[in-house]
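See below for the structure under consideration.
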Amino acid sequence: MYNQKVLDAFAHPQNVGEIENPDGEGTVGNATCGDIMRITLRIENDVIVDAKFQTFGCAAAIATSSTATQMVIGMTVDEALKLTNARVVEELEGLPPQKIHCSVLAEEAIKKAIEDYRAKKEGKQVDKSKVEYV
Ligand code: FES
């Protein structure tokens, strides 16, 4: 079902965990399967210098979380906002069609973490207790 690159990313995920006192954090869930992904970012001068993830989910969700966090490290926040799930899937050389929706979590969690970063910069309070289902 999964190609070797996806299996490797699942078996040896990078950037697992949580950044303490992150500059941005985002948690999203998949309304159909209930899987949840949380991404925390360290951002310096609008550049993502570190990214970590915690995913309660399937192999595709874990592989795409790992790959997406690797991809955004070194990007500016504007560049990271343009990262699509399709680009992450391409980096993994494909996912089975029925697992494409799992990759949406990574894109959305990164976007949410960047929104959180921008809101904090503007001094706004953000309610992080809610999981946004996508
Ligand atoms: Fe839920 Fe993959 S089946 S994210």
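Read the numbers this way: they start at 1 and go in the same order the structure lists the ligands and their atoms.
Near K99, meaning under 4.0 Å from one of its heavy atoms, ligand 1 places the atoms 2 (Fe), 3 (S). Taking a cut-off of under 4.0 Å to the non-hydrogen atoms of C102, the atoms of ligand 1 that pass are 2 (Fe), 3 (S), 4 (S).
R42 places a side-chain N or O within 3.5 Å of a backbone atom of E20 that can act as its donor or acceptor partner. Between the side chain of N3 and the backbone N or O of G94, at least one donor-acceptor pair lies under 3.5 Å.
In summary, C58 places an N/O/S atom under 2.8 Å from atom 2 (Fe) of ligand 1, meeting the contact criterion.
Considering atom 1 (Fe) of ligand 1 as centre, the angle to OD2 of D35 and to SG of C33 is 100° (10° rounding).
Of the listed residues (D23, V49, D50), just one forms a side chain to side chain contact (heavy atoms under 4.5 Å, CB included) with E44, and that residue is V49.
The pair K124-D116 fails the salt-bridge criterion, with no side-chain N (NZ, NE, NH1 or NH2) lying under 4.0 Å from an Asp/Glu carboxylate O.
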